[in-house]
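Residue indices begin at 1 and follow the sequence shown.
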Amino acid sequence: MGGWAIAVHGGAGVDPNLPQERQEEAKQLLTRCLNLGISSLRSSSSAIDVVELVVRELESDPLFNSGRGSALTENGTVEMEASIMDGSGRRCGAVSGITTVKNPISLARLVMEKSPHSYLAFSGAEAFAKQQGVETVDNNYFITEDNIGMLKLAKEANSIMFDYRIPLAGSESCSAVVESPIQMNGLPISVYAPETVGCVVVDSEGRCAAATSTGGLMNKMTGEGEAIIRGTLARDVAALMEYKGLNLQEAVDYVIKKRLDNGKAGLIAVSNNGEVAYGFNSVGMFRGCATEDGFMDVSIWE
């Protein structure tokens, strides 16, 4: 085994005009999350414990689109999704349509460990949360002033929006309005920017785990399929390593270049050999990574 490794992200696709202050806030949050994960890994925590811990931290901060600070639906409410995967035993758990659970990622783990299911949604997921005694809050807890303003812009543009972090002041000069909006399944999207958070970890025993959490799209009616799902990117990375002998970074680079069609996305990845890698074809990706040998990087741009 090559030791532990961790990678974390706050979404792929960044407004090129994002103010320096916001960039620094993002880097500080990613650094804090990385250090939290590093400390846990040094204390011999398991990969599944670490990814849950890190994503809980991301959900609790309003900077990115998960938990507190989630993008708003067309009705001005928050509906969140989260999933967790444990390589040991190939176990997984997922939830969607969450409106009151403070940390959806922990509910996803409970679905994996405490239910006969791998996925629960809406009222069924909320009922399971009450049964498990997880912490719940009023939906207003998740709503921020930034997102209220961005929902207003989205409704005025009659579109769904990815970038919910463009400051409202001076928005007339930023990319919140473009001449040729990106299309997804025939729907206009004004800008393409962070819409999820995630963490991947391999621990000192070679166990891998991953977790992701999101508030979805600004002004969404329900949800929306995306290029990562259609291209089964994570599976492709693993297959390229298993069947073609590519290393982790080579496999990530290949799927980003060859498997996204016209989609925009990013990947963070670790291997059971202690490798860490990332790749994206969008304008930037909020990401950070570290390995047991002392390497650490927190970046936004290429």
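Proximity of a side-chain donor or acceptor of N139 to a complementary backbone N or O of T99 within less than 3.5 Å is detected. With hydrogens and angles disregarded, no donor-acceptor distance shorter than 3.5 Å links the side chain of T77 to the backbone of T73. The closest donor-acceptor contact from the side chain of K27 to the backbone of V298 lies at 3.5 Å or more, if one exists at all. The closest donor-acceptor contact from the side chain of N103 to the backbone of I105 lies at 3.5 Å or more, if one exists at all. In this structure a side-chain-to-backbone donor-acceptor pair under 3.5 Å is missing from S45 to L41. Between the side chain of S115 and the main chain of H117, a donor-acceptor pair closer than 3.5 Å is present.
Residues T212 and T196 bring a donor and an acceptor atom of their side chains to less than 3.5 Å of each other. Using modelled atom types, one finds a donor on one side chain and an acceptor on the other under 3.5 Å when comparing E24 with Q20.
More than 12 heavy atoms of other residues, nucleotides or ligands shown are found within 6.0 angstrom of CD on E156. No more than 12 heavy atoms of other residues, nucleotides or ligands shown are found within 6.0 angstrom of OH on Y243. Shown here is E302, whose CD atom has no more than 12 heavy atoms of other residues, nucleotides or ligands within 6.0 Å.
Taking CG of D146 as the reference point, atom CE of M150 lies at 9.0 Å (rounded to 0.5 Å).
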